[in-house]
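Below is one structure, written out as structure tokens, with a few remarks after it.
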Amino acid sequence: MSLASKQQTLIEDLNHIPDAHERLGALSSFIPPVALPAELKTDDLLVPGCVSRVWLEGREQNGRLRFRCAADSPMVAGLVALLCHLYDDSDPAEAATVEPEIWTACGLTKVLSPTRLNGLSAVRQRMRALARSANQNIRGEAQAP
């Protein structure tokens, strides 16, 4: 499934909840597919620019991106878990270029504070950098004799 299709499915699923505040409440209980274990909540995985502490691990595995995350705030944890779910198991080149439309399409930009939106932007920036790095590594391996 393409990243755009996966995102559209998530948007449609979330928009079954009629109110943006209720959507946000539902997201605070969203659990990442693969949570980041406590022992990996280290300073090098902290995402700068987030008011709450957010840890993000991304790696390439068999040509696909794998993400794990955690946060110390339940609402932030749910929002970041949604981003991890969206970009997990995606092609690195696609993950580097496809931006999350889910916040606007689900009306969440109207109910999230500017600091939360800035934090989500910081998480996305880290994901984009990890995707670009993985894509370069894959292209480099493909070109190696």
Side-chain angles (χ1 to χ4, degrees), residues 1-15 17 20 23-145:
M1 172 184 288
S2 75
L3 194 48
S5 297
K6 186 176 183 181
Q7 180 164 225
Q8 189 57 42
T9 299
L10 285 170
I11 290 168
E12 290 169 6
D13 289 348
L14 277 171
N15 280 334
I17 301 170
R23 279 183 218 116
L24 186 57
L27 283 176
S28 21
S29 62
F30 191 84
I31 306 291
V34 181
L36 187 67
E39 64 270 11
L40 291 181
K41 292 181 183 179
T42 58
D43 288 348
D44 61 318
L45 295 184
L46 275 172
V47 178
C50 297
V51 174
S52 299
R53 291 187 308 161
V54 174
W55 297 268
L56 177 68
E57 179 199 47
R59 60 184 162 58
E60 179 270 328
Q61 182 178 25
N62 299 322
R64 308 296 286 177
L65 284 176
R66 303 308 311 206
F67 286 104
R68 297 190 292 179
C69 61
D72 60 4
S73 157
M75 182 190 340
V76 173
L79 293 166
V80 173
L82 183 64
L83 274 179
C84 282
H85 176 68
L86 174 60
Y87 290 101
D88 189 58
D89 197 31
S90 63
D91 173 72
E94 194 177 22
T97 58
V98 174
E99 293 304 317
E101 299 171 9
I102 200 159
W103 313 130
T104 304
C106 293
L108 297 174
T109 54
K110 295 177 183 175
V111 296
L112 287 170
S113 69
T115 55
R116 294 271 190 244
L117 291 169
N118 287 339
L120 290 170
S121 177
V123 172
R124 175 60 186 133
Q125 287 173 11
R126 170 78 62 93
M127 291 177 136
R128 190 181 311 110
L130 291 165
R132 286 179 178 150
S133 176
N135 191 45
Q136 288 175 347
N137 289 342
I138 291 169
R139 286 189 318 206
E141 289 171 7
Q143 293 174 1

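Computed from a prediction, not measured in an experiment: that's the story for all the values here. No hydrogens, no waters, no symmetry mates; every other heavy atom, side chains included, goes into these values. Counting begins at 1 with the first residue of the sequence.
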Within 45 degrees of the ring normal and closer than 6.0 Å to the centroid, is that where the cationic atom of R126 sits relative to F67? no
Taking all non-hydrogen atoms of both residues into account, name the closest pair between E94 and A4 and its distance. OE2-N, 4.1 Å
Heavy-atom closest pair, residues L3 and A95: CD2-CA, 3.8 Å
Return all side-chain donor-acceptor pairs below 3.5 angstrom for residues 48-57, not counting sequence neighbours, or 'none' if the list is empty.
residue : atom : partner : partner atom : Å
R53     : NE   : D72     : OD2          : 3.2
E57     : OE1  : R68     : NE           : 2.6
E57     : OE1  : R68     : NH2          : 2.9
E57     : OE2  : R68     : NH2          : 3.4

When you look at L27 and L14, which way does the side-chain contact (heavy atoms from CB on, under 4.5 Å) test go after all the steps? CA-CA 9 Å; L27 283 176; L14 277 171; 4.0 Å; yes
Crowding at CG, D44 (>12 non-hydrogen neighbours, <6.0 Å): yes
Can you tell me how far SG of C69 sits from NE2 of H85, rounded to the nearest 0.5 angstrom? 11.5 Å
Under 3.5 Å, side-chain donor or acceptor atoms of residues 100-112 against the rest of the protein: list the pairs with distances, not counting sequence neighbours.
none

Inter-residue atom distance D89.CG - R64.CZ, 0.5 Å rounding: 5.0 Å
Once rounded to the nearest 0.5 Å, what's the spacing between atom CG of L10 and atom CG of N15? 11.0 Å
Would you compute the distance between atom OG of S90 and atom CZ of R66 and round it to the nearest 0.5 angstrom? 9.5 Å
Taking it one step at a time, do V47 and Q125 satisfy side-chain contact (heavy atoms from CB on, under 4.5 Å)? CA-CA 9 Å; V47 178; Q125 287 173 11; over 6 Å; no
Any donor and acceptor pair, going by atom type alone, linking the side chain of Y87 with main-chain N or O of R128 inside 3.5 Å? no
Within the distance-only criterion (no hydrogens, no angle test), does the side chain of S133 pair as donor or acceptor with the backbone N or O of A129 below 3.5 angstrom? no
How close do I17 and A26 get, counting heavy atoms only, and between which atoms? CD1-CB, 3.7 Å
Could you tell me whether the side chain of E60 reaches within less than 4.5 Å of the side chain of N137, counting heavy atoms only? no
Measure across A71 and V76 and return the closest heavy-atom pair with its distance rounded to 0.1 Å. CB-CG1, 3.8 Å
Heavy-atom distance under 4.5 Å between the side chains of C84 and M127, does that happen here? yes
Euclidean distance, L24 CG relative to M75 CE, rounded to 0.5 Å: 5.0 Å
